[in-house]
Amino acid sequence: MTAYWEPEGYYQLGEGRFVDISAENVLTRMREITQTHTLSDLALCLGTRLALLTDAKRRNIIPIGWVQSLAHQFSCDTFWILTGQNVPR
């Protein structure tokens, strides 16, 4: 797999401590907290391109910057964004 470059790095899901987590589930939670219905809308909210979201979903990765940005912007827990455990806010 080609390296995915993000300044902060990324979470490689589906293995290690993230073995039971998929990018699709994380993106669903991201859409939930941003109250967006499509990946296109989420991309606008994140200030990125739809192609990067679909690529992240295909590679089963989530850039750390996306998680941190939404956690800060919407005052929610980064652990919840990644795992769905605990309360979101």
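Worth knowing before you read on, the calculation uses all heavy atoms, side chains too, and leaves out hydrogens, waters and symmetry mates.
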Are side-chain heavy atoms of [X] and [Y] found at a separation under 4.5 Å?
X   : Y   : value
Q12 : F18 : no
E32 : W80 : yes
I61 : L13 : no

For the atom pair [atom1] ([X]) and [atom2] ([Y]), what is the distance rounded to the nearest 0.5 Å?
X   : Y   : atom1 : atom2 : answer
I33 : S75 : CD1   : OG    : 10.0 Å
C45 : M30 : SG    : CE    : 10.0 Å
Q68 : L70 : CD    : CG    : 10.5 Å
T48 : D55 : OG1   : CG    : 10.5 Å
S22 : N60 : OG    : CG    : 6.0 Å

Which atom of [X] lies closest to which atom of [Y], heavy atoms considered:
X   : Y   : result
R29 : L82 : NH2-O, 2.7 Å
A56 : A23 : O-CB, 3.9 Å
A71 : T78 : CB-CG2, 3.4 Å
L39 : R31 : CD2-NH1, 3.8 Å

* **Other residues, nucleotides, ligands: >12 heavy atoms within 6.0 Å of Q73 CD** =>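 Result for CD/Q73: enclosed.
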
* Is there a path of hydrophobic side-chain contacts, each under 4.5 Å between heavy atoms of I, L, V, M, F, W or Y residues, that connects I62 with L44? ->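 Hydrophobic grouping puts I62 apart from L44.
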
* Start with the C-alpha distance between L52 and W66, add both sets of side-chain angles, then the distance that settles side-chain contact (heavy atoms from CB on, under 4.5 Å), and finish with yes or no. => CA-CA 11 Å; L52 292 178; W66 294 356; 4.2 Å; yes

* Asked: Is a side-chain donor-acceptor pair under 3.5 Å present for T34 with T36?
  ->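 A pair is found: one side chain offers a donor N or O, the other an acceptor, under 3.5 Å apart.
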
* **Worked verdict on N25 versus T28 for side chain to side chain donor-acceptor pair (under 3.5 Å)** => CA-CA 5 Å; N25 291 337; T28 297; 5.2 Å; no

* Is the side chain of R49 donor-acceptor paired with the backbone N or O of A43 at a distance under 3.5 Å, no angle test? ->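 Absent.
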
* Member of F79, Y10, Y11 meeting the side-chain contact (heavy atoms from CB on, under 4.5 Å) criterion with V67 ->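 Passing option: Y11.
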
